[in-house]
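Not measured: the values here are computed from a predicted model.
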Number of protein chains: 2
Amino acid sequence: MVLKHKHDHDACIETALEAAQKICEERETRFTPLRRRVLELVWSKHEPITAYEVLDLLSEGQKRVAPPTVYRALDFLIEEGFVHRIESLNAFVGCSDPAHKHQGHFMICTKCSNVTEMNERSLHDVIEAAAKANGYSYENSILEIAGICENCRN
Amino acid sequence: MVLKHKHDHDACIETALEAAQKICEERETRFTPLRRRVLELVWSKHEPITAYEVLDLLSEGQKRVAPPTVYRALDFLIEEGFVHRIESLNAFVGCSDPAHKHQGHFMICTKCSNVTEMNERSLHDVIEAAAKANGYSYENSILEIAGICENCRN
DNA sequence: GATGACTTGATATTCTATAACATTCAGGGC
DNA sequence: GCCCTGAATGTTATAGAATATCAAGTCATC
């Protein structure tokens with residue numbers, strides 16, 4: 001699924017929050033105010049955001065929070081599949097398909113820093129097959145492709 | 001190409017060093033004693049090794065070197081294609097095919113930490129095709145698959 | 001032997017992440 | 001209601017990974 005560059009961003013955040021809320025109710029996990037707020041902040045920047053950027057935003061207008069506060073919330077959100085970590089950037093992005101837990105596969109634009117999450121089954125299948133061909137059982141995978149997006153090439 | 005678990009490790013290191021030496025002569029880049037030593041240390045642990053582990057080894061029996069010394073050497077080795085960085089581990093491994101510059105695609109065993117570099121053209125092609133299908137030009141990619149290797153499953 | 005480009009040394013700092021322990025909070029059983 | 005328990009958050013300190021900056025050394029070439 002491709003993240004569009006222009007859209008109603010507030011609505012987009014709201015949708016993500018509501019989806020998370022609903023999924024947590026189903027799973028009986030706790031979508032606390034802190035976790036909700038961190039997820040909101042991750043979505044608020046429609047690009048990968050670092051943990052310390054989240055920390056700064058979270059600290060605005062109140063006592064500065066400590067790193068574990070942010071990392072624990074992010075850990076929860078990743079565990080639930082609401083957020084993915086981009087290894088090559090040490091940063092985090094909201095997941096475009098939170099209903100199904102999965103490992104994210106990403107395109108990263110080296111010009112504008114936008115990311116596109118690829119939820120393509122075929123790609124996943126090829127990767128899993130490659131693992132088996134090399135004698136490994138498959139657990140999970142990270143795929144991060146760097147390139148230049150359509151917008152930036154024009 | 002699969003890294004075997006048991007083999008003549010000294011010979012394996014020696015081969016890698018000689019190959020690097022030769023390639024640097026061809027490219028007229030400088031394979032200095034420091035860079036050679038760092039490459040040797042990376043190969044000496046037949047698993048991903050962190051920059052600070054290299055630093056510790058490099059410092060044995062002499063004044064402790066500073067981080068930039070190690071990182072600059074690693075940057076050179078990566079640039080030349082002698083070493084790959086494993087993003088998900090913040091660690092480095094010797095490249096099994098230094099003659100051809102390429103991005104590494106890896107299997108990582110979550111039990112024994114061994115890595116297998118996959119130099120499969122077909123996998124690369126699929127990834128590049130996925131990039132194009134999403135409207136991106138292709139620059140490079142990281143693929144790191146976690147699983148359990150054949151040895152550890154038995 | 002002077003010049004300039006590259007390499008390495010040295011110091012300090014930034015950025016990323018976790019360990020360990022204290023406190024607070026929500027929900028269940030009495 | 002009250003206590004208990006486990007989960008979540010707060011707090012302090014530290015570990016781990018990487019880079020910025022400037023100084024000093026090396027080496028080929030003029």
Side-chain angles (χ1 to χ4, degrees), chain A residues 20-21 24-25 27-42 45 47-80 82-93 113 142 144, chain B residues 20-21 24-25 27-42 45 47-80 82-93 113 142 144:
Chain A
Q21 174 97 47
C24 283
E25 279 167 15
R27 293 181 188 157
E28 300 188 24
T29 55
R30 294 174 56 192
F31 195 50
T32 64
L34 174 64
R35 289 166 176 174
R36 181 188 180 88
R37 177 77 179 126
V38 169
L39 181 57
E40 186 181 9
L41 291 172
V42 168
K45 185 179 175 192
E47 284 173 23
I49 188 171
T50 69
Y52 278 74
E53 286 176 320
V54 172
L55 198 160
D56 289 342
L57 293 171
L58 194 56
S59 300
E60 280 181 3
Q62 64 161 92
K63 185 160 181 290
R64 186 170 178 79
V65 303
T69 299
V70 172
Y71 280 102
R72 282 188 293 226
L74 288 171
D75 285 347
F76 172 84
L77 298 171
I78 290 168
E79 175 65 27
E80 293 294 325
F82 304 154
V83 165
H84 292 297
R85 181 167 202 280
I86 311 283
E87 295 291 340
S88 60
L89 302 175
N90 292 340
F92 304 84
V93 288
S113 299
I142 69 175
E144 296 169 14
Chain B
Q21 174 97 47
C24 283
E25 279 166 16
R27 294 181 187 158
E28 298 187 25
T29 54
R30 295 174 56 191
F31 195 51
T32 65
L34 175 64
R35 290 165 175 174
R36 181 189 181 86
R37 178 77 179 124
V38 169
L39 181 57
E40 186 182 9
L41 291 172
V42 169
K45 183 180 176 191
E47 284 172 24
I49 187 170
T50 70
Y52 279 74
E53 285 177 321
V54 172
L55 197 160
D56 288 343
L57 292 171
L58 193 56
S59 300
E60 280 180 3
Q62 63 162 92
K63 186 159 180 292
R64 185 168 179 80
V65 303
T69 300
V70 172
Y71 280 101
R72 282 189 293 227
L74 287 171
D75 285 347
F76 172 85
L77 297 172
I78 290 168
E79 176 64 27
E80 293 294 325
F82 304 154
V83 164
H84 292 298
R85 181 166 201 280
I86 311 283
E87 296 290 338
S88 60
L89 301 176
N90 291 340
F92 305 84
V93 287
S113 300
I142 69 175
E144 296 169 14

Taking the minimum atom-to-atom distance to the side chain of [X], which one of [options] wins?
X: B:Asn90; options: D:dA17, D:dT12, C:dT16; result: D:dA17
X: A:Ala66; options: D:dT12, C:dT7, C:dT11; result: D:dT12
X: B:Pro68; options: D:dT19, D:dG10, D:dA8; result: D:dT19

Nucleotide [N], atom [atom2] - distance to [atom1] of [X] in whole Å:
X: A:Arg64; N: D:dT11; atom1: CZ; atom2: P; result: 13 Å
X: B:Arg37; N: C:dG9; atom1: CZ; atom2: P; result: 13 Å
X: B:Glu28; N: D:dC27; atom1: CD; atom2: P; result: 17 Å
X: A:Tyr52; N: C:dT13; atom1: OH; atom2: C1'; result: 14 Å
X: B:Phe92; N: D:dG16; atom1: CZ; atom2: C1'; result: 13 Å
X: B:Glu79; N: C:dC6; atom1: CD; atom2: P; result: 14 Å
X: B:Ile86; N: D:dA17; atom1: CD1; atom2: P; result: 14 Å
X: B:Phe31; N: D:dC27; atom1: CZ; atom2: C1'; result: 19 Å

Is a donor on one side and an acceptor on the other found under 3.5 Å between the side chain of [X] and the backbone of [Y]?
X: A:Glu144; Y: A:Ser88; value: yes
X: B:Arg37; Y: B:Leu58; value: no
X: B:Glu80; Y: B:Cys24; value: no

Does A:Lys63 make a side-chain N or O approach to OP1 or OP2 of D:dT11 shorter than 4.0 Å? yes
Does a side-chain N or O from B:Thr32 land closer than 4.0 Å to OP1 or OP2 of C:dT8, or not? yes
So, does the side chain of A:Arg72 form a donor-acceptor pair with the base of D:dG10 at under 3.5 Å? yes
Is it true that atom CD of A:Glu79 has more than 12 heavy atoms of other residues, nucleotides or ligands lying nearer than 6.0 Å? no
How do B:Asp75 and A:Leu34 order along DNA chain D: which one's closest nucleotide is nearer the 5' end? A:Leu34
Would you say the base of D:dT19 stacks on B:Tyr71 (centre-to-centre below 5.5 Å, plane angle below 30°)? no
Would you indicate what A:Arg30 reaches in the nucleic acid, counting non-hydrogen atoms under 4.0 angstrom: base, sugar-phosphate, or nothing? sugar-phosphate
Residue mapping more 5' on DNA chain C - nearest nucleotide basis, A:Leu89 or B:Pro67: B:Pro67
Before you tell me yes or no, could you show the steps for A:Leu77 and A:Phe92 under side-chain contact (heavy atoms from CB on, under 4.5 Å), namely the whole-Å CA-CA distance, both residues' side-chain angles and the distance that decides it to 0.1 Å? CA-CA 10 Å; A:Leu77 298 171; A:Phe92 304 84; over 6 Å; no
